[in-house]
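The shown structure was predicted, so the numbers you read here are calculated from the model rather than taken from an experiment. Remember, it's 1-based here, ligands and their atoms both numbered in the order they're listed.
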Amino acid sequence: MKKIKVSAPGKLMLFGEHAVVYNRPCIVTTVDQRIRVLIELVFGDEIKIDAPEVGVAGYTKKLGLLGQHKNLPKGVQFLETSIKNFFEKYKVKSGLRIETKSEFSSEFGFGSSSAVTVAAFKGLSELFKIKMDNKKLFDLAHKTVLDVQGVGSGFDLAAAIWGGTVFFVTGGKKVIPLKVKKLPLVVGYTGIKADTPTMVKKVAILRENNKKLVDSIFDQISLLTNKAKTLLLRGNFKKTGELMNLNQELLDALGVNTKELSNLIIAARETGAWGAKLSGAGGGDCMIAFIKEEKRKAVESAIQKAGGRVIKVRPNAEGVKIE
Ligand code: MEV
């Protein structure tokens, strides 16, 4: 029967994490490591999923029970709920066989769940010949993320859909692709997997107890994110790096920094990076630094010496596409 292969890129947050949950902007870029999803229409009333990178082999579920998941890896929960939401929205139905393959570990915080969700909607819309523009795809994917984990600004979905580097405001109120050709990025992984909903909740509690203070931190993050947009478009990476450092200190104030992240960030700064900060929810995952190309080797080895793993990525990758 009919089948299709789709791929979507991973992402890295450059500026504005956490503030973007509260109606402020962020800037995100995609990376050249992708999730690939094969979807095949099959006879019967079941879906079958193989997702080896999260330890799922031969998983089956009756169509009528889609979305009722307990103890399933996150990526599979997102896949199931994507299929359920697509079938409900467009009043279609079929048995499916799905295989996923990831070029990056789901531990990095590169957004494997959002990339899989976006790829699933794109693939299903092709298979069922239903036109979905980027905005429609975004809205349904965002609903899916909220159905599964209750929180999420949707920035990672926008990155996977539009590709490149994107200026984004909560829930897709603004999605502005930024024409930046290159980004002088180094990425260091702490080796610790962070859980985004837990970190978002942590900030929500801090805000509940200190609303004015925390909102004013979000305002400052918003200011620097807007400024970073202008500087990135001008290719002024040195000054953008300065803003990364400021953003990092504000994230620290929000309580999402860790010793491991700090060690890698300081190592990068001390070897001459223009700026460095955590990327994403904090609590672990990755840090990023902006560097002068001549300093790349020195910064990378300093990150390794400080206990991090350097992840080679090329930013500004293409958005979701049919392979
Ligand atoms: C997580 O990578 C970024 C957060 O801002 C959450 C979100 O925007 O959904 C913390």
Side-chain angles (χ1 to χ4, degrees), residues 8-31 33 35 74-75 77-78 104-118 138-139 141-162 165-175 185 187-190 192-207 214-215 217-222 224-225 228 244 247-248 250-258 261 277-288 311 313 315:
K11 56 80 191 148
L12 277 170
M13 182 71 103
L14 298 179
F15 289 97
E17 47 273 269
H18 288 290
V20 69
V21 177
Y22 297 88
N23 272 314
R24 269 71 166 194
C26 73
I27 301 175
V28 55
T29 194
T30 44
V31 297
Q33 300 186 9
I35 295 255
K74 224 167 107 183
Q77 294 187 29
F78 277 95
F104 58 87
S105 159
S106 62
E107 309 276 294
F108 294 169
F110 278 11
S112 50
S113 304
S114 44
V116 120
T117 303
V118 164
F138 175 84
D139 287 341
H142 194 210
K143 173 184 162 31
T144 304
V145 168
L146 295 178
D147 286 351
V148 175
Q149 68 177 25
V151 291
S153 64
F155 81 101
D156 39 6
L157 301 164
I161 295 169
W162 274 267
T165 301
V166 174
F167 180 88
F168 174 89
V169 178
T170 325
K173 288 187 195 87
K174 273 189 194 167
V175 182
L185 257 188
V187 182
Y189 176 53
T190 55
I192 296 159
K193 168 87 193 119
D195 179 51
T196 298
T198 308
M199 299 312 289
V200 170
K201 205 175 278 167
K202 192 175 169 186
V203 173
I205 292 168
L206 187 73
R207 182 171 179 263
V214 170
D215 280 347
I217 294 176
F218 290 156
D219 286 339
Q220 309 242 16
I221 293 176
S222 172
L224 71 82
T225 302
M244 277 186 166
N247 197 164
Q248 170 62 17
L250 293 166
L251 286 164
D252 203 358
L254 291 177
V256 297
N257 191 22
T258 65
L261 280 164
K277 64 182 276 294
L278 67 85
S279 171
D285 289 347
C286 288
M287 52 71 69
I288 53 172
I311 301 171
V313 294

Subset of ligand 1 atoms that lie under 4.0 Å from at least one heavy atom of G280: 1 (C), 2 (O)

Heavy-atom donor-acceptor pair, H18 side chain to A281 backbone, under 3.5 Å: yes

Is it true that a side-chain atom of K193 and a backbone atom of S106 form a donor plus acceptor pair closer than 3.5 Å? yes

Salt-bridged, D147 to K143, with N to O below 4.0 Å? yes

Identify, by atom number and element, the atoms of ligand 1 in contact range of G152, meaning under 4.0 Å from any of its heavy atoms. 9 (O)

Specify the protein heavy atom at minimum distance from atom 8 (O) of ligand 1: its residue, its atom name, and the distance to 0.1 Å. S153 OG, 2.6 Å

Flag the pair F218 / N23 as yes when at least one side-chain heavy-atom distance between them is below 4.5 Å, and no otherwise. no

So which heavy atom in the protein is nearest atom 1 (C) of ligand 1, and how far is it from that ligand atom? A281 N, 3.6 Å

I need the atoms of ligand 1 closer than 4.0 Å to a non-hydrogen atom of E17, numbered in the order shown. 5 (O)

Is there a donor-acceptor pair closer than 3.5 Å between any side-chain N or O of N247 and the backbone N or O of G16? yes

Evaluate T196 for polar contact with ligand 1, using N/O atom pairs at a separation under 3.5 Å. no

Hey, which atoms in ligand 1 end up nearer than 4.0 Å to a heavy atom of F155? 1 (C), 2 (O), 3 (C), 7 (C), 8 (O)

In ligand 1, which numbered atoms sit nearer than 4.0 Å to a non-hydrogen atom of H18? 4 (C), 5 (O), 10 (C)

Kindly say whether K277 contributes a backbone atom to a donor-acceptor pair with the side chain of Q248 at under 3.5 angstrom? no

Has R24 got a side-chain atom pairing as donor or acceptor with Y22's backbone, closer than 3.5 angstrom? yes

Using a strict cut-off of 4.0 Å, indicate which atoms of ligand 1 neighbour a heavy atom of V20. 5 (O), 8 (O)

Give the numbers and elements of all ligand 1 atoms closer than 4.0 Å to a heavy atom of V21. 5 (O), 6 (C), 7 (C), 8 (O)

